[in-house]
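Notes to accompany the following structure.
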Amino acid sequence: MNDVVAYMSEAAKAARIINGLPDKIALRPIKKVGIIGAGTMGGGIAMNFATASIPVTIVEAREDALTRGLNVVRNNYQRSADRGRFAQDEVDERMARIEGALEIEKLVDCDLVIEAVFEDMDLKKRIFSELDKICKADAILATNTSALNIDEIAAVTSRPQDVIGLHFFSPANVMKLLEIVRADRTADDVVATSMALAVAIGKVATLVGVCPGFVGNRILAARQSEAQKLLSEGVLPWEVDDAFNAFGFKMGPFQMSDLAGLDIGWKKGAKTGNAIRDQLCELNRRGQKTGAGYYDYDDNRQRSPSKVTEGIIADVTGIEAGSLGVLQEDILARLLHPMINEALVILEENKAQRASDIDVIWSFGYGWPGNTGGPMFYGDLIGAEKILATMRALAAGDDSIKPAQTLVKLAEHGGKFIEVDLGGLKTG
Ligand code: NAD
């Protein structure tokens with residue numbers, strides 16, 4: 001346990017170091033921040049700056065959304081004051097640093113603007129074209145997109161060197177992790193300023209490259225895809241989640257889906273190739289927000305295994321619910337080994353600076369249990385041969401899966417996952 005604590009502490013420190021920067025680099029002063037969108041993310045992001053005494057202007061499209069967003073922020077601060085985290089006066093002081101507006105022109109004097117509107121490429125492009133016209137020279141233009149191509153967003157501006165991804169995690173006022181996403185043409189001083197600012201607002205930040213889902217969500221996608229496959233083979237959601245809870249994750253894949261909402265990317269009547277999810281959504285079992293998802297929920301949001309879900313799984317798979325008796329260690333191997341494999345592919349594609357950054361991302365952004373560090377540290381605990389065996393077995397039944405070349409090398413020639421060095425982040 002001491003080993004892993006020391007390793008993670010060093011890893012978080014190392015993550016701040018940006019390789020390849022000139023020795024002396026002048027940072028851009030950030031005295032005022034603009035945020036576009038006062039939804040789930042925009043409000044939480046604003047709190048980070050208001051708490052750090054940096055004035056913020058939030059621009060919304062609609063008055064009601066702005067009022068609702070500002071109320072959520074005030075209520076969050078109030079709850080913290082009620083719990084004794086800071087004095088009551090602080091609630092008003094912090095709120096006074098947040099100005100709401102309905103006109104994007106209010107952002108003309110901001111040193112940094114963070115866009116947090118819906119995940120829609122056309123909308124984001126429209127907003128960045130406007131920002132390009134109105135923002136002052138040298139303003140940093142950031143997007144909080146979860147997965148969209150930031151190079152494409154930057155290309156609609158006349159100043160792609162000033163565009164960067166600042167990928168906060170939800171709830172943005174609580175979660176420590178910030179993925180700083182360097183696009184092909186992002187300037188060095190924009191990257192350096194973003195990292196310094198992240199530290200100033202108390203985040204643990206890592207620099208990553210542009211690819212679908214960046215680093216954290218890309219590894220998550222590898223896990224969720226295997227989790228769905230397990231269900232289609234007749235394993236029950238709570239069997240999977242129980243294995244994850246036993247491993248130390250507070251939330252397993254299906255607990256997480258219920259929290260996030262099953263209907264992300266789903267529309268009524270859709271046949272998505274995920275028949276179990278489609279049927280749950282059709283029954284309005286869309287997760288905690290509708291009072292039911294993979295699980296049933298009581299009035300206190302306590303979950304319990306659902307007979308409805310069991311019935312759907314039995315119906316789709318033709319397998320009697322709970323009859324498989326899959327071992328927890330097999331479930332874990334099936335879901336965790338592809339994550340480790342994906343992390344290596346990310347390093348091979350030079351989308352992360354160093355192996356330990358992967359562990360920082362999963363520890364601070366996704367609640368990877370402290371006793372096993374993160375995907376890379378855990379990879380060393382179980383060994384490359386075992387992981388390669390799992391990946392080869394999965395690849396035999398699924399053409400989209402391939403063991404990473406680096407995994408094969410580690411299994412055949414030895415070496416540690418946490419020491420994998422494939423050149424770090426490259427852009428262009
Ligand atoms: P949301 O739907 O809660 O909020 C979006 C807000 O943007 C809405 O209030 C909407 O009124 C506003 N908006 C839309 N068009 C606008 C415009 N032209 N001008 C000003 N405001 C406008 O969405 P969210 O969950 O906060 O997500 C925002 C972004 O953050 C997305 O790109 C999403 O992918 C990303 N993100 C979300 C999460 C998450 O867990 N929710 C996590 C990380 C990143």
Side-chain angles (χ1 to χ4, degrees), residues 33-48 56-73 76 98-107 110 113-135 141-150 152-154 156 163-181 198 203 205-206 208 210 212-221 224 251 255-265 286-289 361 364-367:
V33 173
I35 291 170
I36 310 182
T40 309
M41 295 308 290
I45 295 169
M47 290 176 73
N48 286 286
V56 186
T57 300
I58 308 188
V59 173
E60 246 299 336
R62 298 189 337 259
E63 178 111 44
D64 59 332
L66 180 61
T67 309
R68 199 178 49 231
L70 291 174
N71 280 339
V72 171
V73 171
N76 281 339
I98 304 179
E99 181 195 11
L102 293 170
E103 311 81 27
I104 201 165
E105 290 74 17
K106 285 274 164 67
L107 304 180
C110 288
V113 176
I114 304 173
E115 166 279 309
V117 301
F118 306 128
E119 188 78 336
D120 174 325
M121 181 55 105
D122 288 340
L123 175 61
K124 289 193 193 279
K125 280 183 176 172
R126 265 205 316 277
I127 293 205
F128 273 77
S129 306
E130 283 185 62
L131 289 176
D132 189 28
K133 285 190 204 110
I134 62 150
C135 287
L141 309 182
T143 172
N144 184 50
T145 179
S146 310
L148 296 176
N149 185 330
I150 299 173
E152 208 179 316
I153 296 173
V156 303
V163 177
I164 195 162
L166 292 180
H167 185 210
F168 288 83
F169 288 71
S170 182
N173 52 316
V174 177
M175 294 299 291
K176 280 272 170 203
L177 181 67
L178 178 67
E179 280 184 334
I180 298 175
V181 193
K203 296 292 179 198
T206 57
V208 302
V210 174
F214 312 125
V215 171
N217 282 346
R218 183 168 161 181
I219 294 173
L220 179 69
Q224 296 302 95
M251 253 194 264
Q255 291 159 338
M256 198 172 172
S257 294
D258 270 2
L259 184 67
L262 273 62
D263 54 352
I264 296 175
R286 299 184 188 188
Q288 285 194 23
K289 62 185 175 187
I361 289 171
F364 290 95
Y366 298 83

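All figures in this text were calculated on a predicted structure; none of them were measured in a lab. Along the sequence shown, residues carry numbers from 1. Atoms within each ligand, like the ligands themselves, are counted from 1 in listed order.
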Under 3.5 Å, is there a donor-acceptor pair between the side chain of N144 and the main chain of G42? no
Can a donor-acceptor pair be found, under 3.5 Å and without considering hydrogens, that links the side chain of K203 to the backbone of M175? yes
G216 backbone acceptor or donor facing E179 side chain under 3.5 Å: yes
Aromatic ring proximity Y366/F169, centre distance under 6.0 Å: yes
Has the side chain of E119 got a donor or acceptor atom that lies under 3.5 Å from a matching backbone atom of A147? yes
Results of ring pair (Phe, Tyr, Trp, His ring centres under 6.0 Å) for F168 - residues two or more places apart only: none
Using a 4.0 Å cut-off on heavy atoms, what residues surround ligand 1? Order them by chain and number. I36, G37, G39, T40, M41, V59, E60, A61, R62, A65, A116, V117, F118, E119, L123, K124, I127, N144, T145, S146, H167, F168, S170
